Structure formats: C-alpha cells, structure tokens
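Take a look at the structure below.
On a predicted model such as this, the values are computed, not experimentally measured, just so you know.
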Amino acid sequence: MFYFDFSGTFARGDLLAKGAALTLALSAAAMILGMTVGLLGALAQRSRNPILRGAVIVYVEAIRNTPFLVQIYIVYFGLPALGIRLTSVAASILALTIYAGAYVTEILRAGIETVERGQVEAARALGLSRLLIFRHVILTPALAAVYPALTSQFILLMLASSVCSTISTPELAGAAADIQGLTFRAFEAFIVVAAVYLAFTLMFRTAFARLDRVIFRFRHAGG
C-alpha cells in the first residue's frame with residue numbers, strides 16, 4: 001500500500017531553496033534580455049529595410065514553431081561544435097533569452113501598432129524630438145497596451161525554465177530530480193516542486209496586477 005512520506009523531501013529544503021532562487025534568477029535575467037531583444041525586433045519589423053524585416057520574421061517563426069527543448073539542446077550541445085562552450089547556466093540564460101525575445105517581439109510589435117499615427121504627427125507638430133516622441137508617445141502607450149501579455153510571458157518563461165534541468169541546470173525541477181534520486185520518493189519531490197511553481201505563479205500574478213495600477217495609473221484613471 002502506497003503512503004506519502006514528505007520527510008525526505010523537506011529534509012533537503014536547502015536544495016529546493018537554491019533551485020527556486022536559480023529559477024527566479026534565470027527567469028528574470030532572460031526576461032530582461034528578452035525584452036531588449038524583443039524591442040529591437042519590433043523596431044526592426046517596422047524598418048524600411050526588407051532584409052532586416054525578413055530576418056526578424058524568420059527568427060520569430062523559427063522560435064515560435066520549434067520546441068524549447070530542441071532550442072536549448074542546440075545551444076548547449078550544438079554550439080561547442082563551433083568552438084563556443086557554455087556552462088549549463090549560461091546556456092540556459094541564452095536559450096531562454098532567444099525564446100523570450102521571439103515572443104516579446106510579436107507582443108511589442110502589436111503594442112506599437114495600437115499607437116495612432118495622428119498622435120505621432122501631433123507630437124511632431126509640437127516640436128518634440130524623435131527620442132521624446134518614441135519614449136512618451138509610442139513606447140509608453142504601447143507597453144501599457146501589452147502589459148498583461150508581457151506579464152503572462154514572464155510566467156510562461158518561468159515555467160519553461162524547468163526544461164533547463166535536462167542540461168543539468170540545478171534550478172527547481174533539477175533540484176526535484178536530485179531529491180528523488182536521493183530519497184527514491186519521486187511523487188513527493190515533484191508534488192512539492194509543483195506547489196512551489198504554483199505559489200510563484202499566483203504571487204507574480206498578484207504582484208503584476210498591483211504594479212499595473214501603479215505604473216500605468218493613467219489607464220485606470222477613469223475606472
């Protein structure tokens with residue numbers, strides 16, 4: 001008769017804590033870098049250079065239509081053939097950044113397209129510089145429009161980071177695999193890790209919702 005015994009899993013809470021910390025660090029680093037890649041990608045898609053636009057389209061479609069597991073294998077196992085050797089953590093950040101960048105490119109492109117041309121022309125008529133127009137008339141309203149999609153992308157990125165355990169990155173799922181190897185209690189180890197992921201997801205959804213009302217308060221001013 002099967003019975004639950006979480007004592008072995010809880011006794012190795014230090015592994016879980018380190019794994020959780022690395023999961024959050026990987027997700028945050030990849031999202032920040034992915035936002036940079038995504039912004040450049042979104043601007044490139046609006047350029048008049050067809051080669052640049054085509055390159056971004058190929059990148060976005062290639063990443064969105066292939067499994068993340070294959071992408072991280074290419075980075076970790078494929079790059080050494082070109083003389084580029086990365087640690088498992090560095091390869092995880094690079095693969096997650098490439099993955100996030102493709103999705104953020106599409107999200108930001110959609111956000112920028114919500115900005116009406118008349119607003120940009122009005123800003124030009126007022127004599128605002130190109131930098132001010134981009135920052136205040138284009139980027140800020142675009143970010144406000146796609147903020148929910150960006151926060152959802154961060155949560156999806158955090159959940160996708162569990163795949164990094166397949167290249168021996170000691171993040172949360174990797175810690176669970178180590179614990180089940182030590183205790184031979186796979187059910188308990190992965191139930192605890194699933195609960196941690198669920199707690200992180202609910203915590204970030206709540207925090208992002210509150211942050212939305214602070215950062216983009218102008219959007220809620222009429223509510």
Side-chain angles (χ1 to χ4, degrees), residues 17-46 52 55-56 59-60 62-64 66 68-69 71-72 74-76 79 84 86-112 114-115 131 134-136 138-167 169-175 196-197 199-217 219:
K18 291 179 181 176
L22 184 56
T23 289
L24 295 178
L26 287 175
S27 305
M31 192 63 193
I32 292 170
L33 295 172
M35 284 283 290
T36 304
V37 172
L39 180 58
L40 294 175
L43 294 177
Q45 281 193 327
R46 295 174 60 83
L52 194 56
V56 174
Y59 159 61
V60 169
I63 297 302
R64 294 174 66 189
T66 55
F68 178 62
L69 180 62
Q71 296 166 19
I72 197 169
I74 290 174
V75 171
Y76 189 63
L79 287 182
I84 303 173
L86 301 174
T87 65
S88 61
V89 172
S92 297
I93 293 174
L94 178 58
L96 286 168
T97 297
I98 295 171
Y99 175 77
Y103 285 90
V104 173
T105 294
E106 280 299 280
I107 293 171
L108 290 181
R109 180 192 59 77
I112 291 173
T114 64
V115 179
L131 181 60
F134 176 72
R135 180 180 173 186
H136 295 291
I138 298 176
L139 186 59
T140 300
L143 287 175
V146 298
Y147 178 81
L150 288 175
T151 57
S152 294
Q153 187 58 46
F154 173 78
I155 290 173
L156 291 174
L157 187 66
M158 182 182 67
L159 298 179
S161 69
S162 62
V163 176
C164 299
S165 64
T166 60
I167 60 169
T169 302
E171 45 70 62
L172 197 50
V196 175
Y197 275 117
F200 280 163
T201 299
L202 296 176
M203 179 184 72
F204 280 115
R205 285 195 189 284
T206 302
F208 287 143
R210 293 182 177 178
L211 204 58
D212 180 27
R213 302 190 71 85
V214 174
I215 299 176
F216 302 112
R217 58 171 64 91
R219 194 173 58 184

Between the main-chain N or O of [Y] and the side-chain N or O of [X], is there a donor-acceptor pair closer than 3.5 Å?
X      : Y      : value
Thr97  : Leu33  : no
Tyr59  : Ala102 : yes
Thr140 : Arg135 : yes
Tyr147 : Phe208 : yes
Ser165 : Ala173 : no

* Asked: What do the steps show when you test Val104 against Met31 for side chain to side chain contact (heavy atoms under 4.5 Å, CB included), and what is the final call?
  -> CA-CA 9 Å; Val104 173; Met31 192 63 193; 4.1 Å; yes

* Does the side chain to side chain contact (heavy atoms under 4.5 Å, CB included) test come out yes or no for Thr166 and Leu69, once each step is laid out? -> CA-CA 8 Å; Thr166 60; Leu69 180 62; 3.7 Å; yes

* Strictly by modelled atom types, are Thr66 and Gln71 linked by a side-chain donor-acceptor pair under 3.5 Å? ->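 Their side chains do contain a donor-acceptor pair, which is all the 3.5 Å distance test asks for.
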
* Do Thr23 and Ser161 get their side chains close enough for a donor-acceptor pair, meaning under 3.5 Å? -> no

* Check the pair Tyr76 / Leu94 against side chain to side chain contact (heavy atoms under 4.5 Å, CB included), numbers first and verdict last. => CA-CA 9 Å; Tyr76 189 63; Leu94 178 58; over 6 Å; no

* To do: Could you label the plane-to-plane angle of the Phe68 and Tyr99 rings as parallel, tilted or perpendicular, counting under 30° as parallel and over 60° as perpendicular?
  => tilted

* Report the C-alpha distance between Leu139 and Leu143 in whole Å, list the side-chain angles of each, state the deciding distance to 0.1 Å, and finish with yes or no for side chain to side chain contact (heavy atoms under 4.5 Å, CB included). => CA-CA 6 Å; Leu139 186 59; Leu143 287 175; 4.0 Å; yes

* To do: Work out which heavy atom in Arg205 is nearest to a heavy atom in Ile155; give both atom names and the distance.
  =>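 It is CG-CD1, 3.4 Å.
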
* Asked: Less than 4.0 Å between a side-chain N and a carboxylate O, is that true for Glu106 and Arg64?
  ->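 Salt bridge flag = yes for Glu106 with Arg64.
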
